[in-house]
Undergrad: 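Okay, handing you the structure first.
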Amino acid sequence: MAKTQYYGTGRRKSSVARVRLIPGTGNVTVNGKPLDDYLAMEIVKREVKRPFEIAGCEGKFDVIATVTGGGYTGQAGALRHGISRALCEVDRDAYRAPLKAAGFLTRDSRMKERKKYGLKKARRASQFSKR
């Protein structure tokens with residue numbers, strides 16, 4: 001007996017989250033661990049669950065996610081983006097407008113700037129000396 005599953009891919013900086021939403025009780029599993037064990041900071045955990053609050057569907061879906069790359073803040077942002085996209089697959093008419101207004105469907109495209117040759121970092125040059 002196959003359950004209905006909804007998929008969403010979220011990205012932020014160099015993090016990529018593949019998210020599956022399954023109708024359930026609100027459990028969030030990231031890389032095989034519960035959310036509380038995977039992410040330490042309470043603010044970051046709250047950020048991951050915000051799409052459910054804004055859409056008004058807390059406790060209706062279980063989240064199973066695989067996240068790679070980046071740090072914990074980037075991964076949390078990727079999770080938020082993936083959950084928002086998956087919620088739009090569930091019911092586009094009901095969930096898209098509030099999530100779009102909150103800015104959760106917009107991919108945060110800020111990335112680390114690449115290092116250029118002749119410089120020490122992306123923009124940092126060696127110190128100028130007249131003599």
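The residues of the chain are indexed from 1 along the displayed sequence.
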Undergrad: State yes or no: do Val67 and Ile83 share one hydrophobic cluster built from I, L, V, M, F, W and Y residues joined by side-chain heavy-atom distances below 4.5 Å, directly or via other members?
TA: yes
Undergrad: Say you draw a straight line from NZ of Lys13 to OG1 of Thr73; how long is it, rounded to the nearest 0.5 Å?
TA: 7.0 Å
Undergrad: Can you name the nearest heavy-atom pair linking Pro23 to Thr4, along with the distance?
TA: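 Looks like CD-O, 3.2 Å.
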Undergrad: Quick one: do Leu21 and Val63 satisfy side chain to side chain contact (heavy atoms under 4.5 Å, CB included)? Show the steps, please.
TA: CA-CA 5 Å; Leu21 287 186; Val63 177; 3.5 Å; yes
Undergrad: Enter the distance from Arg20:CZ to Gln5:CD here, rounded to the nearest 0.5 Å.
TA: 4.5 Å
Undergrad: In chain order, what residues pass the side chain to side chain contact (heavy atoms under 4.5 Å, CB included) check against Arg123, with sequence neighbours excluded?
TA: Glu113
Undergrad: Indicate, with yes or no, if Ile64 and Phe52 share a hydrophobic cluster defined by side-chain heavy-atom contacts under 4.5 Å among Ile, Leu, Val, Met, Phe, Trp and Tyr.
TA: no
Undergrad: Kindly indicate, with the supporting measurements, whether the criterion side chain to side chain contact (heavy atoms under 4.5 Å, CB included) is fulfilled by Leu87 and Leu99.
TA: CA-CA 9 Å; Leu87 281 173; Leu99 291 171; 4.0 Å; yes
Undergrad: Among residues two or more places apart or on two chains, list those pairs meeting side chain to side chain donor-acceptor pair (under 3.5 Å) that have a residue in residues 88-105.
TA: none
Undergrad: Is there a path from Val44 to Val16 through hydrophobic residues (I, L, V, M, F, W, Y) whose side chains come within less than 4.5 Å of each other?
TA: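 Result: no, two separate clusters.
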Undergrad: First locate atom CZ of Arg12, then atom CE of Met111, and finally report the distance between them rounded to the nearest 0.5 Å.
TA: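 Separation between the atoms: 11.0 Å.
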Undergrad: Rounded to the nearest 0.5 Å, what separates atom CG in Leu105 from atom CZ in Arg80?
TA: 10.0 Å
Undergrad: With sequence neighbours left out, what residues match Arg114 under side chain to side chain contact (heavy atoms under 4.5 Å, CB included)?
TA: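 For Arg114 the side chain to side chain contact (heavy atoms under 4.5 Å, CB included) partners, ignoring immediate neighbours, are Lys116.
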Undergrad: Show the nearest heavy-atom pair for residues Gly26 and Asp62, with the distance to one decimal.
TA: N-OD1, 2.9 Å
Undergrad: Roughly how far, to the nearest 0.5 Å, is the NZ atom of Lys60 from the OG1 atom of Thr25?
TA: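 Rounded to the nearest 0.5 Å, the OG1-NZ separation comes out at 14.0 Å.
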Undergrad: In terms of heavy-atom contacts, does NZ of Lys115 have more than 12 from other residues, nucleotides or ligands at under 6.0 Å?
TA: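 Counting other residues, nucleotides and ligands, NZ of Lys115 exceeds 12 neighbours.
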Undergrad: Under the side chain to side chain contact (heavy atoms under 4.5 Å, CB included) rule, collect the residues that match up with Thr66, sequence neighbours excluded.
TA: Arg18, Asn31
Undergrad: Quick one: hydrophobic cluster around Phe128, which other residues, with the 4.5 Å side-chain cut-off, linked directly or via members?
TA: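 Via sub-4.5 Å side-chain contacts, Phe128 links to none.
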Undergrad: Could you check whether the rings of Tyr6 and Phe61 sit parallel, tilted or perpendicular, using 30° and 60° as the cut-offs?
TA: perpendicular
Undergrad: With sequence neighbours left out, which residue pairs that include part of residues 24-38 fulfil the salt bridge (charged side-chain N to carboxylate O under 4.0 Å, His left out) condition?
TA: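 Pairs touching residues 24-38 that pass the test: Asp36-Lys45.
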Undergrad: Please name the pair of heavy atoms, one in His81 and one in Phe104, separated by the smallest distance, quoted to 0.1 Å.
TA: CD2-O, 3.3 Å
Undergrad: Roughly how far, to the nearest 0.5 Å, is the SG atom of Cys88 from the CZ atom of Arg85?
TA: 9.5 Å
Undergrad: Say whether Ile22 and Tyr38 are linked into one hydrophobic cluster, either directly or through other cluster members, by side-chain heavy-atom distances under 4.5 angstrom.
TA: no
Undergrad: Side chain of Ser15, backbone of Gly69: donor and acceptor closer than 3.5 Å?
TA: yes
